[in-house]
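Single-structure report; data block below.
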Amino acid sequence: MPDIGQVTEKLQPQPEAAYPPLPFFEGPEAPCRFDGEVYNCIVPGTIPKGIDGTYYRCVPDALWAPQYEDDVFINGDGAIDAIRIQDGHADFKQKYVRTSKFVIERTARQAVFGKYRNRYTDDPRVKHEIHSTANTHIIYFEKQLLALKEDSPPYAMDPDTLQTKGPYDFHSQYTAPTFTAHPKIDANTGEMLTMGYEAKGDGTADVVYYLFDKDGKKLEECWFKAPYVRMIHDMAATDKWVIFIIPPLETQPVEELKKGEKHFAWSTDKPLTFGILPHRNPKPEDITWFTYQNAFYGHTGNAFDGDDGCVYLDAPLTYFNKFWFFPPRGEDATTAPSGKAPRGDGVVSHYVRWRFDPNATDPHVEPVELVNADGEMPKVDDRYLGKPYSTLFLAMHDPTQDNGPVGGVYNAIAKCDVNTHELVYWSTGDHTAIHEVAFIPRTNESPEADGYLVTIANRRDIQLSSILILDAQKLSDGPVAVIELPFRLRNGIHGSWVPAEELPTREELCNMSGVSDEIRREFRSKPVSFPQL
Ligand code: V55
Ligand code: FE
């Protein structure tokens, strides 16, 4: 008699959930499709009592087998994790963003949207719907969550229930069809600097910059043309400047998209490009462009204004295409040389500083190395965003361990002093993937980088995920608490820590969304005290 394992091995899942046998959809990267919660997680270790707030994280997790086998993991449906930490306890939720895509495909019980950022590959019945997967970043603004995907407007969500409210356009003030996944919020003023690119539709060179005050009132709006049509994923901001960063990932012309081409293709000879625009009172003619050689830029660490009138930008720099799944036109993603780290002992990726002189006559810029660490997903203490700073946190490849990167998987958490170049890290070993960290100040008055780090770890050995809390001052000791989940989650992209004092009160939540008080659960309130039996 065959046992259960032998039986299931012979059976096929339903076609709508038969994921292709490819690295983005298999093994530790297989979709999880989880939508639910765990109250009072089991926590080996001790969650410091001083931690009170919610860690939100955004995860691409494909709900349906993709229509196209060469689909990329960054096209997965966006799910939001919320880990509410309070009084030494942790409660977990994950909910999918109810995007147009989610709602339509759920009704159809199959994928009907097509390739990543290619609306021409969608089922004709869904054309012109918002294409967003809302899978890149989750930020907190105006007492609500905004789930972000750079090809679309944000989706607003309730920070308590994770219910999706719908697309958000800053009270009709934001008119572009695209919105970056990396707006910057000034910790002192609460102002948001943001932008959209391909801002007049697919394949347009138009970029729009917006500045909003903390209540969502528009302060600045400036439209300009980029020198070419390429991905503009992250940005940076200082008191005086906004920086736009353009890596050599070229948007394909609309005629090519109509033929089913991928939205982006790596160019092997085009330069990494930067543009600086005044933060306030910007005019399209004020933008100044700078270029480096062909190289990859993912995310901004920090930026600040120097005493010398220059603007400084710190970020990881990579000398090959980390987005190997967008190969040069006509090349195969798995074999294209531009997508592989060059062999040899040379630096393939390090954390560098760029200097832009607004009065420069030569557009060429050269970076200076700050830390020799191969990492990404840089994070600083948010209170120092846009200002001179010392400490950088980074998701890193432990050079002594071998954790194969599929899409971008790291196995160490690094803390670097950008002034002394000192690097300390804690490695998860060879079986656990970690992603971006969020920083939690110990108290509001604590000095820079004095506090905790939170991130989600995927244990490939036991096929489970857990949330790690580390003391940033004792990073190399490893986690002080491991918040266990009884299931596996997908690797996430970006997240945000929101302290309890900034979360809406119960009354504010009920007024905002019309959800009755009974539906609001223990998530926000202090535990009720029961009479002694
Ligand atoms: C990035 C991620 C995206 C995307 C474009 O990290 C760029 C870079 C998760 O989606 O759509
Ligand atoms: Fe990003």
Side-chain angles (χ1 to χ4, degrees), residues 24 29 31 56-62 66 71-81 96-97 99 101 113-119 130-139 146-155 177-185 194-198 202 229-236 243-252 257 262-266 272 296-302 315-318 321-326 339 349 375-380 385 393-395 405-410 435-438 455 490-496:
F24 282 154
E29 308 300 325
Y56 295 101
R57 180 184 86 138
C58 194
V59 197
D61 193 344
D71 203 14
V72 293
F73 80 101
I74 58 172
N75 199 31
D77 299 281
I80 306 305
D81 295 336
Y96 275 94
V97 187
T99 59
K101 178 180 187 293
F113 283 63
K115 291 191 177 186
Y116 172 85
R117 209 167 175 178
N118 187 335
R119 67 185 78 242
I130 295 175
H131 208 268
S132 178
T133 47
N135 72 3
T136 311
H137 199 356
I138 183 81
I139 61 163
L146 299 178
L148 306 177
K149 181 73 177 178
E150 66 190 32
D151 66 0
S152 299
Y155 274 97
T178 57
F179 186 99
T180 182
H182 289 285
K184 304 296 171 211
I185 296 181
T194 188
M195 59 105 174
Y197 74 98
E198 298 189 41
D202 289 328
V229 193
R230 301 185 193 157
M231 181 187 280
I232 312 182
H233 179 62
D234 204 346
M235 60 191 297
I243 311 173
F244 300 87
I245 302 109
I246 318 186
L249 280 160
E250 299 187 299
T251 300
Q252 298 309 292
L257 298 180
K262 286 184 169 178
H263 192 95
F264 295 111
W266 180 257
L272 173 60
F296 179 90
Y297 183 107
H299 294 102
T300 299
N302 207 358
L317 176 67
T318 301
N321 177 18
K322 270 202 172 163
F323 273 10
W324 55 270
F325 43 85
F326 294 135
S349 181
E376 245 294 332
M377 312 311 238
K379 274 277 189 155
V380 299
L385 204 63
F393 300 108
L394 200 65
V406 176
V409 167
Y410 301 93
H435 251 216
E436 188 184 77
V437 298
T455 189
R490 287 279 293 115
N491 285 315
I493 311 281
H494 302 293
S496 302

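Source: prediction; values computed, not measured. Note: hydrogens, waters and symmetry copies are ignored here, and every other heavy atom, side chains too, is used. Start at 1 and go down the list; that is how both ligands and their atoms are numbered.
- The shortest distance between side-chain heavy atoms of L148 and I138 does not fall below 4.5 Å.
- If you look at F24 and W324, their ring centroids are closer than 6.0 Å.
- Residues H233 and T180 approach most closely at O-OG1, 3.2 Å, considering heavy atoms.
- Of all N, O or S atoms in H182, the one lying closest to the Fe ion (ligand 2) is NE2.
- Side-chain atoms of F244 and Y197, non-hydrogen and from C-beta on, never get closer than 4.5 Å to each other.
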**Request:** For T251 and E198, run side-chain hydrogen bond (donor to acceptor under 3.5 Å, both in side chains): C-alpha distance rounded to whole Å, both residues' side-chain angles, the deciding distance at 0.1 Å, then the answer.
**Result:** CA-CA 9 Å; T251 300; E198 298 189 41; 2.7 Å; yes
**Request:** Begin with the C-alpha distance, continue with both residues' side-chain angles, and end with the deciding distance and a verdict on side-chain hydrogen bond (donor to acceptor under 3.5 Å, both in side chains) for T99 and Y96.
**Result:** CA-CA 8 Å; T99 59; Y96 275 94; over 6 Å; no
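- For ligand 1, the 4.0 Å heavy-atom shell contains residues I74, Y116, N135, T136, K149, E150, M231, H233, H299, F323, I493.
- Taking the six-membered ring for Trp, F326 and Y116 have ring centres closer than 6.0 Å.
- Taking backbone and side-chain atoms together, H233 has an N/O/S atom less than 2.8 Å away from the Fe ion (ligand 2).
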